[in-house]
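Notes for the one structure printed next.
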Amino acid sequence: MTHMTNAPQSTGGPAHAALYARHRAVMPDWLATYYERPIEIVRGEGRRVWDAEGNEYLDFFGGILTTMTAHALPEVTAAVSEQAGKILHSSTLYLNHTAVELAERIAHLSGIPDARVFFTASGTEANDTALLLATTYRRSNQILALRNSYHGRSFSSIAVTGNTAWSPTSLSPLQTLYVHGGVRSRGPYAHLTDDQFIAACVADLDDMLGQANGTVAALIAEPIQGVGGFTSPPDGLLAAFREVLDRRGILWITDEVQTGWGRTGEHFWGWQAHAQAGPPDILTFAKGIGNGLAMGGVVARAEVMNCLRADSISTFGGSPVTTAGALANLTYLLEHDLQGNARRVGGLLMSRLRSVAATSPVVREVRGRGLMIGVELVAPSTGEPSPQAAKLVLEAARERGLLIGKGGRPANVLRIAPPLTLTVAEAEQGAEIIEAALQDAAKQLEEG
C-alpha cells in the first residue's frame, strides 16, 4: 500500500463536483457536509480511507467516532458476510442467538447489576429509549441535563440537548433543567480549583432542584461531551451529583455513545471516572460497537428496564447482521486490548499536540482522554472562539491527507478520534499534518 505524502492535493475533480450537485438537488439544505468541496469516501483499510478521485487519507475521525477498531477489519467483515449469506433480518419477534450472546457480554461489561439490554439502530434511538424508561419509571417528564450537551437529533433527544447549535426547535415533550458541569475551562466556574468547581456545580444542581415542579425523572450526561468539543468535568463530579440525585430517587443516565468501549483509555466506560458513585441506573451506547454497522442500545437494571407496561418490539434493533458484526468487533477489541492502546498511543498523541499548541497562536487548549482529543481554536488577536480557524485547519489537514472533525457550540474545536488500533507512526504522521495545518490557518488569519 502506498501512503499519502504531506503534499497538498486537489478534490475539486468532476466526480465529487457532479455528486455534490446531485446531493444539493435532492438532500435537505440543513444536512451538513465537511469541506468547501465535499468528498465521497469509497474505500477503507485499517486507519486509512480513499475518496472517489483516488486520494488517500489518514482517518482521525472514524465516521464520527464510529469506526472504532479499523476500516474493513477482517474479523468483522467475515462475520457480516457469513451472516448475510444466511439471513439478513428477522426482527425481535424471533430469537437471535448472536443478539443474546452480545447482550450477555454487554450486560456484564456495563457494571450494572441485574442488567437488561435493549438494542436499537442508533445512539439517538438509544437515548430516546432511556428517556422513555426514566420518565415512565419516575412518572415525570422533568429531565436534568448539562449545558453544552448533545444527545441526538430526534424530537425528544433535542429536548435535552444543551448545545443550541444543534437544537433547531424550542418545542419539547420534556421539561429540561440545565445545570453547570460539562465545561471545565470556560464559564463562571472556570477560575475555581477542581474541588471548588465540583462544589459550585453541586450547589447549582441543588438550587435547580429547589425550583423543579415536583418529581424529576433523571439526569442525562455525557462523561465527555462529544459534539460539545470533547469537554469534561473534573473526575468525581458525577459522583457528587449522584449523592444529590439519590436523596431524591432521581435516576442517572450515562450517555456513552461516544465515550464507551475503552476510547478514553483509562476506563472502559466514561462513567468509571466517577466510579465512587457506583454504576449508573441506565447506560446508552452506539457508534463504535458496530464499527460502522447501525447499532445502538440501552442497558438498565431490570426494575427500570421492565417498567414499561405496553407491548414493544424493534424491527431493526439487534438484527442478525448487526449483532454478528458487533460481537466480532467487541471480541477483537477485548482480545487485542484496544483500551490499552488508546491509553498508550492516545497519550503520545496528546503530548505531541500539546507541544505543537505551545507555539501556536490559534490554540487555546488541548484536552481529552485516550483517543478522544479536542483542540480548541481562537482568533490570535482577541482570544475569542474562532470557527474560521477550525474551518481553515480542517481544509488544510484534508489537503495534506488527514481527516479530522470539529465541534463545540461555536464550531471552533478540532475533534480527533482515530480508530483504536492507531499506531505510534500514524499518530506521529497525523500530528505533523495538524501542526502544518495550524501554521497555515494562523498565517491566513493574520493576513486577514
Side-chain angles (χ1 to χ4, degrees), residues 26-28 31 40-44 62-110 115-133 151-157 255-258 260-261 282-300 302 305-306 308-334 419:
V26 74
M27 301 291 192
L31 191 62
E40 180 188 13
I41 296 173
V42 297
R43 184 167 69 88
I64 320 176
L65 289 83
T66 300
T67 304
M68 177 170 67
T69 48
H71 291 282
L73 185 72
E75 290 81 353
V76 173
T77 300
V80 170
S81 179
E82 180 181 355
Q83 182 58 52
K86 298 176 181 176
I87 187 168
L88 286 171
H89 177 71
S90 61
S91 88
T92 57
L93 291 172
Y94 306 94
L95 294 176
N96 175 357
H97 77 276
T98 55
V100 171
E101 184 177 350
L102 182 62
E104 289 170 341
R105 297 189 73 176
I106 292 174
H108 173 72
L109 290 166
S110 74
R116 300 292 188 272
V117 180
F118 176 74
F119 291 115
T120 67
S122 71
T124 290
E125 189 188 345
N127 285 332
D128 269 343
T129 304
L131 293 168
L132 171 64
L133 292 171
H151 297 289
R153 59 171 176 77
S154 67
F155 192 45
S156 65
S157 58
D255 179 343
E256 302 276 354
V257 169
Q258 297 196 29
W261 318 109
I282 303 174
L283 180 152
T284 62
F285 62 86
K287 291 192 182 289
I289 184 62
N291 203 46
L293 297 166
M295 163 66 70
V298 184
V299 190
M305 182 68 83
N306 294 333
L308 303 184
R309 290 294 173 260
D311 291 337
S312 191
I313 62 166
S314 178
T315 302
F316 293 108
S319 79
V321 169
T322 58
T323 53
L327 189 59
N329 193 46
L330 179 59
T331 299
Y332 185 92
L333 179 139
L334 295 171

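Only this structure's heavy atoms are used, side chains among them; waters, hydrogens and symmetry mates stay out. Residue indices begin at 1 and follow the sequence shown.
By the side-chain contact (heavy atoms from CB on, under 4.5 Å) test, Thr322 is found to be paired with Leu293, Met295, Ser319, residues two or more places apart in sequence or in another chain being considered. With sequence neighbours excluded, the residues forming a side-chain contact (heavy atoms from CB on, under 4.5 Å) with Thr69 are Leu73, Asn291, Asn329, Tyr332, Leu333, Leu338, listed by chain and number. When the salt bridge (charged side-chain N to carboxylate O under 4.0 Å, His left out) test is applied to Arg105, no partner is found at least two apart in sequence or on another chain. In this view, Glu82 and Lys86 satisfy the salt bridge (charged side-chain N to carboxylate O under 4.0 Å, His left out) rule, not counting sequence neighbours. In this structure Val100 satisfies the side-chain contact (heavy atoms from CB on, under 4.5 Å) test together with Glu104, sequence neighbours excluded.
When every heavy atom of Ala79 is checked against every heavy atom of Ala328, the shortest pair comes out as CB-CB, 3.7 Å. Ala300 approaches Ile282 most closely through the heavy-atom pair CB-CG1, 4.0 Å. The heavy-atom pair separating Asp255 from His151 by the smallest distance is OD2-ND1, 2.8 Å. Considering every non-hydrogen atom in both Phe285 and Ala126, the closest pair reads O-CB, 3.9 Å. Taking each heavy atom of Val299 and Ala115 in turn, the nearest pair found is CG1-CB, 3.7 Å. Across all non-hydrogen atoms, the minimal contact from Gly318 to Ala99 is O-CB, 4.0 Å.
Side chain of Glu101 to main chain of His97: no donor-acceptor pair is present (N/O by atom type, distance under 3.5 Å, no hydrogens or angles). Listed for the Thr129 side chain is a donor-acceptor partner under 3.5 Å among the backbone atoms of Glu125.
More than 12 non-hydrogen atoms from other residues, nucleotides or ligands lie less than 6.0 angstrom from CD1 of Ile313. Crowding of Leu132 atom CG: a count of heavy atoms from other residues, nucleotides or ligands under 6.0 Å exceeding 12.
Between Asn96 and Tyr94 the shortest side-chain heavy-atom distance does not fall below 4.5 Å. Looking at Phe119 and Ser314, their side chains never come closer than 4.5 Å, going by heavy atoms from C-beta outward. Inter-residue side-chain proximity for Leu133 and Leu308 is flagged as met; some heavy-atom pair is nearer than 4.5 Å.
A distance of 8.0 Å separates CD in Gln258 from OG1 in Thr66, rounded to the nearest 0.5 Å. Atom CD of Glu256 and atom OG1 of Thr284 lie 7.5 Å apart (nearest 0.5 Å).
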**Item:** Audit row: Leu330, Leu102, side-chain contact (heavy atoms from CB on, under 4.5 Å) steps and yes/no
**Value:** CA-CA 9 Å; Leu330 179 59; Leu102 182 62; 4.1 Å; yes
**Request:** Kindly indicate, with the supporting measurements, whether the criterion side-chain contact (heavy atoms from CB on, under 4.5 Å) is fulfilled by Met68 and Lys287.
**Result:** CA-CA 8 Å; Met68 177 170 67; Lys287 291 192 182 289; over 6 Å; no
**Message:** Determine whether Val298 and Met305 satisfy the following criterion, side-chain contact (heavy atoms from CB on, under 4.5 Å), listing intermediate values before the conclusion.
**Reply:** CA-CA 9 Å; Val298 184; Met305 182 68 83; 4.2 Å; yes
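Listed by first and then second residue, the ring-ring contact (aromatic ring centres under 6.0 Å, His included) pairs involving residues 63-90 are His89-Phe316 (not counting sequence neighbours).
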